[in-house]
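Small disclaimer: the values here were computed from a predicted structure and weren't measured. In what follows, chains carry the letters A, B, and so on, assigned in the order in which the sequence lines appear, proteins first and then strands, with residues in each chain numbered from 1.
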Amino acid sequence: MFDEMSQRGVGDVVSWNSIIAAYVQTGDPATALKMFDRMTGQGDFRLLPDAVSLVNILPACASVGAWLRGKQVHGYAVRSGLFGDVFVGNAIVDMYAKCGSMDKANNVFEQMKVKDVVSWNAMVTGYSQIGRFEDALGLFEDMREKEILLDVVTWSAVIAGYAQRGRGYEALDVFRQMRIRGSQPNAVTLVSLLSACASVGALLLGKETHCYAIKCLLYLDGNDSGDDLMVINAIIDMYAKCKCPKIAHSMFGSVAPKDRNVVTWTIMIGGYAQHGEANDALELFSQMLKHKSSLIPNAFTISCALMACARLGALRMGRQIHAYVLRNQYESTMLFVANCLIDMYGKSGDVDGARVVFDNMYQRNSVSWTSLMTGYGMHGRGEEALQVFDEMKKTGLPIDGVTFVVVLYACSHSGLVNQGIKYFNSMKTEFRVDPGVEHYACMVDLLGRSGRLDQAMKLIKGMPMEPNPIVWVALLSACRTHANVELGEYAAGQLLELESENDGSYTLLSNIYANARRWKDVARIRSLMKHTGIKKRPGCSWVQGKKGTATFFVGDRSHPQSEQIYDTLGDLIDRIKAIGYVPETSFALHDVDDEEKGDLLFEHSEKLALAYGILISAPGVPIRITKNLRVCGDCHIAITYISQIIEHEIILRDSSRFHHFKNGSCSCRGYW
DNA sequence: ATAGGGTTAG
């Protein structure tokens, strides 16, 4: 219609405004800007924009970050006298605020002769979005003086700002003030509040908000604005982030499938991926695809599904999703998805696959670089990780604390002790990043892993802050690796004092004693665990087959092919004994819970998973195993031997790193 | 015709 009109020369400002508004509203600001240029450009057709034109085009400038264009429009508004229109003024303030230039916004705001509550709200929002909450709340006082009533938007903007920055408790505080001052919350307020609860894991307050929402939804019910669904989505997300995936799922189930939108599905998939069973996330994802109605996964959905794959090491599924991404061209949001792909490939044992994704990206950010480095680090390919770091430095992308955690982690798992020390020392001097407690933990790990326990202890003593549990666990596990009972006891004692002892630290200490043949101490630890009710998390390994995942616990006989699995395993053990394998019984007490069942060393989950992997894999195909805890020492020795007598490469991911077993050696080279 | 909200990565 518009084209026809403009060809006949009957289009006027109103028709141009209408078509431009349509582009803005359907989320195509680039075309809107092009049309605005055509409207105002040289030629036969040159229309003077009116106030509506400006109010239409300013948000478009803001949303693509076209600060310069916005400034030109601002100039035109002043020259043409349209600046006096309060709508125009508000749109200019908002445009500057959204472009991150609050000082300019404030200038304009102060020049406006007529202001309304929207003007004030635009300023409050602007300050809240960049985290300048003192300035935002300062405006509250000005508003009170000028007797401008704070409305629901004013309050919600600040609550949302706090929520987005993870400052949930301050958001809740503002909400309380809002209630005291008698403002009535609406759907947006509730969504912001729920997101605040989610960000700090405040389950109780989240439940309170849920109850409040039930009351409010009675009134909202029946309008088609989609507000109800948004609130419900936020409730599902809140429960998932507060580590209640079951409640989240029952809320999800309470929404009729036809009423769910992409966000509903994505929230639930992401909730399972991060706080529940990652397998359930993938199950839900394929359910969503089967729905085949108008539900199309967006970049968020894909990222969540890839997170689930990464957690499981589900390479086969991850590759399928990668193919889906390529087929469906998720270009516009490729950066995020590609970063998830790098992470997924790295964590699923295919770091070369991660590299291919990285090399094919046309845009990268620091997450892309660090994800790739993490991948190399986990696989013990420290030199390559450091090469990537050198390349990253050349890009000018910010090098922050996270980058150094990854660099030090890579050094630690490849035995690059001197380089690690060098990078640690360069953090402050060269990159102006203050080493945090997490970097000290990395250094303790680095020194400890390589056996320099005294040096590690010296570093801890010289720390400028209190060592946290992670530091002591790093020391403790180094004491296990290098059989240092005395220092191990000390580290365990420190953990006890910080009241953060968990099943892992008890197991480590018990292993240290067992290794030293101090069985009385082993028994003491065991009874201490029984007394305090600390249970060892059961070890669990899984293998991806063509028909889904097979999971094994220690001594597990639940698999239908159990008999065959045990036969294969027994056969392998016999064969490696013949070439020198001696069972390392000090690890037999690793699984203290199962002690009554006898010596289950030969039935550890990773051994069972390997036997099953051999059964289902074609010759020469790598076998990929994932374990929830660290691999047991005896299993590590046994699998090294087994790799000598079978044709498969064995790729095992434990909670610390990857082990590639091939021809009788492991890529970890002792750096667990 | 202007202001506020839900899902993703190291």
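For A:Ile148, the CD1 atom is densely surrounded, since the number of other residues' heavy atoms within 6.0 Å is greater than 12. The number of heavy atoms from other shown groups lying within 6.0 Å of NZ (A:Lys115) is above 12.
What separates CZ of A:Phe252 from P of B:dT7 is a distance of 16 Å, to the nearest Å. One interatomic measurement links the two molecules: CG of A:Asn121 to C1' of B:dT2, which rounds to 11 Å at whole-angstrom precision. For A:Ile57 and B:dA1, the CD1 to P distance is 14 Å, given to the nearest whole Å. The interatomic distance linking A:Met123 (CE) with B:dG4 (P) rounds to 14 Å, in whole Å. When rounded to the nearest whole Å, the span between CG of A:Asn298 and P of B:dT7 equals 12 Å. Between the P atom of B:dG10 and the CG atom of A:Leu372 lies a distance of 14 Å, rounded to the nearest Å. Going from atom CG of A:Asp237 over to atom C1' of B:dT7 covers 7 Å, rounded to whole Å. Going from atom CD1 of A:Ile302 over to atom P of B:dT7 covers 18 Å, rounded to whole Å.
The side chain of A:Gln25 sits closest to B:dA1 out of B:dA1, B:dT7, B:dA3. In this structure, the nucleotide among B:dA3, B:dT7, B:dA1 sitting nearest to the side chain of A:Val55 is B:dA1. The nucleotide whose nearest atom lies closest to any side-chain atom of A:Met307 is, among B:dT8, B:dG10, B:dT2, B:dT8. The side chain of A:Val153 sits closest to B:dG4 out of B:dG4, B:dT8, B:dG5. The nucleotide whose nearest atom lies closest to any side-chain atom of A:Asp400 is, among B:dT8, B:dT2, B:dG10, B:dG10.
When heavy atoms are screened at a 4.0 angstrom cut-off, A:Val152 is found touching base atoms of the nucleic acid. At a threshold of 4.0 angstrom between heavy atoms, the contacts of A:Asp116 with the nucleic acid are absent. Residue contacts shown for A:Ala299 include a base, since a base heavy atom lies under 4.0 Å away.
Between B:dT2 and A:Lys98, no contact under 4.0 Å exists linking OP1 or OP2 to a side-chain N or O. Considering only side-chain N and O atoms, A:Lys241 lies under 4.0 angstrom from the phosphate OP1 or OP2 of B:dT8. Applying the 4.0 Å criterion to OP1 and OP2 of B:dA9, one finds that A:Gln274 has a side-chain N or O inside that range. Distances shorter than 4.0 Å separate some side-chain N or O of A:Gln129 from OP1 or OP2 on B:dG5.
A donor-acceptor contact under 3.5 angstrom links the side-chain atoms of A:Thr370 to the base of B:dG10. A:Asp227 contributes a side-chain N or O that forms a donor-acceptor pair with the base of B:dG5 under 3.5 Å. The base of B:dG10 has none of its N or O atoms less than 3.5 Å from a complementary donor or acceptor on the side chain of A:Asn365.
Taking the six-membered ring for Trp, A:Tyr239 and A:His249 have ring centres at least 6.0 Å apart.
At least one side-chain heavy atom of A:Phe424 sits less than 4.5 Å from a side-chain heavy atom of A:Pro435.
Within the structure, salt bridge (charged side-chain N to carboxylate O under 4.0 Å, His left out) pairs that include any residue of residues 256-276 of chain A do not occur (at least two apart or interchain).
Partners of A:Ser348 by side chain to side chain contact (heavy atoms under 4.5 Å, CB included), not counting sequence neighbours, listed by chain and number: A:Leu315, A:Met344.
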